[in-house]
Amino acid sequence: MTQPARVLAADVPSPASARPAMERIAAELGRAVEGKEAQARLVTTCLVSGGHLLLEDVPGVGKTTLAEALARACGLSFARVQFTADLMPADILGAQVFHAQTATFQFRPGPLFRQLVLADELNRAPPRTQSALLEAMAQGQVSLDGSTHALPAPFTVVATQNPVDFSGTYPLPDSQLDRFMVRLSLGHPAADVEARLLATRGRAPPLDAVKGVSSPEELAALRALSAEQRLDASVAEYVVRLARATREHGDIERGASTRAVLALGAAARTQALWEARDFVTPGDVRAVLVPCWAHRVLLRSAVQGVAARDEAAHLLEELVRKVPAPR
């Protein structure tokens, strides 16, 4: 567990100044995971939108490094929890501990009480532990033995899972996947980036290059600004038409939920900040549609894992071309 490295002043009065603030965060992520500018920008969008992030990829592409870099860049307290088959809910939530001197029980917080929590290999933990984490993500608090304990703010979970190796795992139910605002894969770096890593890695860990360029206070201000972005009725109706199209598509067993609609709206509001606008356009919606919804829709086909995500993304792109957008 680590504590915030530094605290910067919170001053984000307008969309025009929000963009450079988000660019600073994304740039620091790029120092830790080279050649992934688009993914760094999407991670920043998810963070500013107040969402939780699911990183689904094979081992060794920088998922853990990216999560730790995000905490360091934003000055967030950080905890990494390695999810295993014997991990119990109390191991992440905390527990009541008896103090003999006072003859009372006192709550000892678990690693979940950090501003950014990396749930590494989430699908290796049993369902009870997964549910404990996912409920905390949804409610922003933990209830134990009749007492409620608020999680710190801002609070974000970055979860990882391997989409190929399912041996000994407990795949997340589709209803639980709905709690993640964005799912993305990093993928292997380009050949020139990989060659540069080979030549230079060993001089210093990549996280050493990441600086604190934001703060919890600035992040809270960015989130508040994003929530205030104007989303006109015509754009809202466009999002709903897209959702209804997924629910009525013959190849989709379960379409986008209302939670998915709200998540897409939140991500689109932040997407507008990248353009220094105070209003959302249909283009903002389309820009974040696939990473927000591809892991939420359930296909009728038997494909699973990466193939299912790819097929869902293809269907969503097809729907975007068919559903008319407001002018």
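Just so you know, residue 1 is the first one in the sequence shown, and it goes up from there. The model shown is predicted, which means the values in this text are computed figures rather than measured ones.
- Residues L315 and L299 meet the side-chain proximity criterion, which asks for heavy atoms closer than 4.5 Å.
- In this structure, R179 contributes its side chain and M137 its backbone to no donor-acceptor pair below 3.5 Å.
- Residues I25 and L76 share a single hydrophobic cluster, defined by chaining ILVMFWY side chains whose heavy atoms lie under 4.5 Å apart.
- Distance CZ/R286 to CG/L316: 14.0 Å, rounded to 0.5 Å.
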For S234 and D232, what are the C-alpha separation, side-chain angles and deciding distance, and is it a side-chain hydrogen bond (donor to acceptor under 3.5 Å, both in side chains)? CA-CA 5 Å; S234 61; D232 288 341; 5.3 Å; no
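- Looking at Q130, its side chain does come within 3.5 Å of a backbone N or O of A125 through a donor-acceptor pair.
- The shortest distance between side-chain heavy atoms of Q115 and T156 does not fall below 4.5 Å.
- No more than 12 heavy atoms of other residues, nucleotides or ligands sit less than 6.0 Å from atom CZ of R108.
- Checking side-chain atoms of N123 against main-chain N and O of T169 turns up no donor-acceptor pair under 3.5 Å.
- Distance alone, capped at 3.5 Å, places no donor-acceptor pair between the S226 side chain and the L222 backbone.
- Shown here for A267 and S49, the closest heavy-atom pair between the two residues is CA-OG, 3.5 Å.
- With R300 contributing its side chain and G250 its backbone, the two residues share a donor-acceptor pair below 3.5 Å.
- Panel note: side chain K63, backbone V58; a donor-acceptor pair is recorded below 3.5 Å.
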What do the steps show when you test T129 against D91 for side chain to side chain contact (heavy atoms under 4.5 Å, CB included), and what is the final call? CA-CA 9 Å; T129 307; D91 294 329; over 6 Å; no
Taking it one step at a time, do R41 and Q271 satisfy side chain to side chain contact (heavy atoms under 4.5 Å, CB included)? CA-CA 10 Å; R41 180 168 163 146; Q271 181 65 26; 3.8 Å; yes
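- A 4.5 Å side-chain heavy-atom check between F155 and V117 finds at least one atom pair inside the cut-off.
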Dump the intermediate steps for side chain to side chain contact (heavy atoms under 4.5 Å, CB included) on Q82 and D120, then the final yes or no. CA-CA 5 Å; Q82 184 66 48; D120 218 357; 3.5 Å; yes
Verify salt bridge (Lys or Arg N to Asp or Glu O under 4.0 Å) between D178 and R296, making sure each step is shown before the conclusion. CA-CA 5 Å; D178 200 31; R296 300 171 187 263; 2.6 Å; yes
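- Residues L122 and F180 form a side-chain contact, since some pair of their non-hydrogen atoms from C-beta on lies under 4.5 Å apart.
- Here the OG1-CZ distance, from T160 to F83, works out to 9.5 Å after rounding to the nearest 0.5 Å.
- For the ring pair (Phe, Tyr, Trp, His ring centres under 6.0 Å) condition, the pairs that include at least one residue of residues 109-151, sequence neighbours left out, are F107-F113, F107-H149.
- Residues L93 and Y170 do not share a hydrophobic cluster, defined by chaining ILVMFWY side chains whose heavy atoms lie under 4.5 Å apart.
- Of the possible donor and acceptor atoms, none in the side chain of S131 sits under 3.5 Å from a partner among the backbone N and O of R128.
- Residues T281 and E275 fail the side-chain proximity criterion, which asks for heavy atoms closer than 4.5 Å.
- Side-chain contact check for L273 versus R269: every heavy-atom pair is 4.5 Å or farther apart.
- The list of salt bridge (Lys or Arg N to Asp or Glu O under 4.0 Å) pairs with a residue in residues 239-250, not counting sequence neighbours, reads R244-E248.
- You'll find the side chain of D278 reaches within 4.5 Å of the side chain of Q229, heavy atoms only.
- Following chains of ILVMFWY side-chain contacts shorter than 4.5 Å, one cannot reach M181 starting from L172, and the two form parts of different hydrophobic clusters.
- Listed here is the closest heavy atom pair of V157 and H52: N-ND1, 3.0 Å.
- Hydrophobic cluster membership differs between L54 and V297, with clusters built from Ile, Leu, Val, Met, Phe, Trp and Tyr side chains linked at under 4.5 angstrom.
- Using a 4.0 Å cut-off between charged nitrogen and carboxylate oxygen, E318 and R321 do not count as a salt-bridge pair.
- Between the side chain of H249 and the backbone N or O of D251 there is at least one donor-acceptor pair closer than 3.5 Å.
- Residue pairs that meet the salt bridge (Lys or Arg N to Asp or Glu O under 4.0 Å) test with at least one member in residues 182-191, sequence neighbours left out, are E56-R183.
- Following chains of ILVMFWY side-chain contacts shorter than 4.5 Å, one cannot reach L219 starting from V210, and the two form parts of different hydrophobic clusters.
- Nearest approach of T84 to P126, heavy atoms of both residues: O-CD, 3.6 Å.
- W293 places no side-chain N or O within 3.5 Å of a backbone atom of A256 that could act as its donor or acceptor partner.
- A salt bridge links R19 to E23: one of the charged nitrogens lies within less than 4.0 Å of a carboxylate oxygen.
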What's the verdict on side chain to side chain contact (heavy atoms under 4.5 Å, CB included) for T45 and V182, showing C-alpha distance, side-chain angles and the deciding distance? CA-CA 9 Å; T45 298; V182 165; over 6 Å; no
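- No side-chain heavy atom of L298 sits less than 4.5 Å from a side-chain heavy atom of I252.
- In this structure, K322 contributes its side chain and E317 its backbone to no donor-acceptor pair below 3.5 Å.
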